[in-house]
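Structure first, then comments.
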Amino acid sequence: MRTAIWLYLFMFVAFFDLHAQYPILSPFALSLGAAPSFIGLIMGVYSLTHLPGNLLAGYGVDKYGSKFFIVCSLIVAGIILLFQSNVKDPWHLLYIRSISGFVLAFLSPACLSLLARIARDRIHQSKLMAGNGLVHTLASVVSPAAGAVLVAKIGFTTSFSVLGWILIFTGILAIFGVKEKEMLAHKADKAGAKALLDPHGHHASQDIKEDDEGDGVSIPWLFFLIPMALSCSQGILFFELPLMKSARESILTSGVFFTLVSLGALLSISFWFLNKISPFLRTICGSIGLAAVFFGLAIQWPIPLTVSLFLIGMAKGVIYPALAALLASITSSSRYGRVFSLLSISYSVGAFIGPMMAGQLRDHISSYFIAFFILMLALSLLPFRTFKSPVITS
């Protein structure tokens, strides 16, 4: 449990730094003279450079473990933010963001893989993934407003420097906080003792073997369209909110908008009884609900924007933990790194496509309708038969 707490701390800090930049990155790029279409590129390139990092992380984590990648990602990302604080040109900001995207691509697969490995059973895995979603959401609740306040009080340059030093300090803590080898060895000893002491030794050994070798469930490639579409819609939302008239008049308003989304997610994640529902079912229902809200925004429905943002957050709070729990439940422990890297790649591709499409098409079609269309397209292409296996239930 101590290892899980450390991992939650590291992910909280990383997500805090990331989300704190959402309401301030677009205004910062505007202050450097960037056009809206170029801002979409700046936001998207971060996710594009995630791809090679995710690919390397998948095999690296499975082969060398998680600790090295957690430590290096945090420290190097902090150093990059220090350089970002001195950027004076939009193109330089683009280069810095591209490097940052590659470096932080290793963090999420490493942390999720280690969380999945320390779980006692499938239900415990689902709870740990829900805990990860809770930490992510808590960070995103406070960080947008905190980032906006920081810029309002001390300016862009000092704000990026502060965020950078926080990441570096957390990376140093990770050197001493993560005891990966000792933790995995202890788990192996407990598994061996269970096999020896169980009066039905054959069944205990069989359970351990199945956990190591996996359930034999093949994950179809079309499944990863769901996280891709989810991330795409989020990228569109995060691109549009800071550029709204009310948000551009006050950076604090932009921070409040992002915080409302996170509060909605926090409410959903606090419903622990949802962990007893099939993660596949949670993914489908959450995605349909999210698409419905984006459609409402596209047609300018009478529901206030603040309520719509809260509903978007609630849908996200259902989907994100469900996706991680679903993949963990149908994947063997020896392939956690690769599977979670594919999940991160899907998020990265979507986060790149979303702002890019919004930046190019927002003058011709509602960005929110694009988000709705992509989500519904991903749902319509999902191979439902593959996930009728009972192993996906938690």
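As a basis for the values below, the full set of heavy atoms in this structure was taken, side chains included, without hydrogen atoms, waters or symmetry mates.
For the pair L290 and I312, the minimum side-chain heavy-atom distance is below 4.5 Å. Counting heavy atoms from C-beta outward, I99 and T49 have side chains that stay 4.5 Å or more apart. In this structure, F257 and L305 have side chains that are in contact, with non-hydrogen atoms separated by less than 4.5 Å. Within the 4.5 Å cutoff, side-chain heavy atoms of W91 are placed close to those of L94. Between M357 and I374 the shortest side-chain heavy-atom distance falls below 4.5 Å.
A donor-acceptor pair under 3.5 Å is absent between the side-chain atoms of S100 and the main chain of A77, judged by distance alone. Side-chain N or O atoms of S73 include one that pairs as donor or acceptor with a backbone N or O of V103 at under 3.5 Å. No side-chain donor-acceptor contact under 3.5 Å links S231 to the backbone of P227. Listed for the S66 side chain is a donor-acceptor partner under 3.5 Å among the backbone atoms of A110. The closest donor-acceptor contact from the side chain of S233 to the backbone of A371 lies at 3.5 Å or more, if one exists at all. In this structure a side-chain-to-backbone donor-acceptor pair under 3.5 Å is missing from R97 to V45.
Summarising the geometry, atom CD1 belonging to I353 is positioned 9.5 Å from atom CD1 belonging to I236; distances are rounded to the nearest 0.5 Å. With rounding to the nearest 0.5 angstrom, the CZ atom of F160 is 13.5 Å from the CD1 atom of I80. In this structure, the separation between OG1 on T157 and CD on Q84 is 10.5 Å, given to the nearest 0.5 Å. Note that the CG atom of L104 and the SG atom of C72 stand 12.0 Å from one another [nearest 0.5 Å]. Rounded to the nearest 0.5 angstrom, L379 CG and I226 CD1 are separated by 4.0 Å. Here the straight-line distance linking atom CZ of F310 with atom CG of L260 works out to 8.0 Å at 0.5 Å rounding.
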F372/V293 under side chain to side chain contact (heavy atoms under 4.5 Å, CB included): CA gap, chis, key distance, verdict: CA-CA 8 Å; F372 160 77; V293 178; over 6 Å; no
Side chain to side chain contact (heavy atoms under 4.5 Å, CB included) between I166 and V162, intermediate numbers included: CA-CA 6 Å; I166 291 174; V162 169; 4.1 Å; yes
Stepwise side chain to side chain contact (heavy atoms under 4.5 Å, CB included) check, L107 with I70: CA-CA 5 Å; L107 183 63; I70 293 172; 4.0 Å; yes
From CA spacing to verdict: side chain to side chain contact (heavy atoms under 4.5 Å, CB included), F224, L323: CA-CA 10 Å; F224 290 99; L323 281 172; over 6 Å; no
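The aromatic rings of Y368 and F294 lie parallel to each other, their planes meeting at an angle below 30°, with 60° marking the opposite boundary. Using a 30° and 60° split on the angle between ring planes, F102 and F106 fall in the perpendicular class, above 60°.
Within the structure, salt bridge (charged side-chain N to carboxylate O under 4.0 Å, His left out) contacts touching residues 223-244 (residues at least two apart or in different chains) are E240-R362. Sorted by first then second residue, the side-chain hydrogen bond (donor to acceptor under 3.5 Å, both in side chains) pairs that include residues 295-324, not counting sequence neighbours, are Q234-K316, Q234-Y320, W301-S308.
Contact record, S287 with I319: N-CD1, 3.4 Å, taken as the closest heavy-atom pair. Between L327 and F223 the shortest heavy-atom distance is CD2-CE2, 3.6 Å. Across G78 and L167, no two heavy atoms sit closer than the pair CA-CB, 3.6 Å. The two residues I75 and I168 have their closest heavy-atom pair at O-CG1, 3.7 Å. In terms of heavy-atom proximity, F69 sits nearest to V61 at CE1-N, 3.8 Å. Summarising the geometry of I42 relative to P90, their closest heavy-atom pair is CD1-O, 4.0 Å, with the distance given to 0.1 Å.
Within 6.0 Å of the CZ atom in F38, the count of heavy atoms belonging to other residues, nucleotides or ligands exceeds 12.
Residues satisfying the side-chain hydrogen bond (donor to acceptor under 3.5 Å, both in side chains) criterion with Y347, sequence neighbours excluded, are absent altogether.
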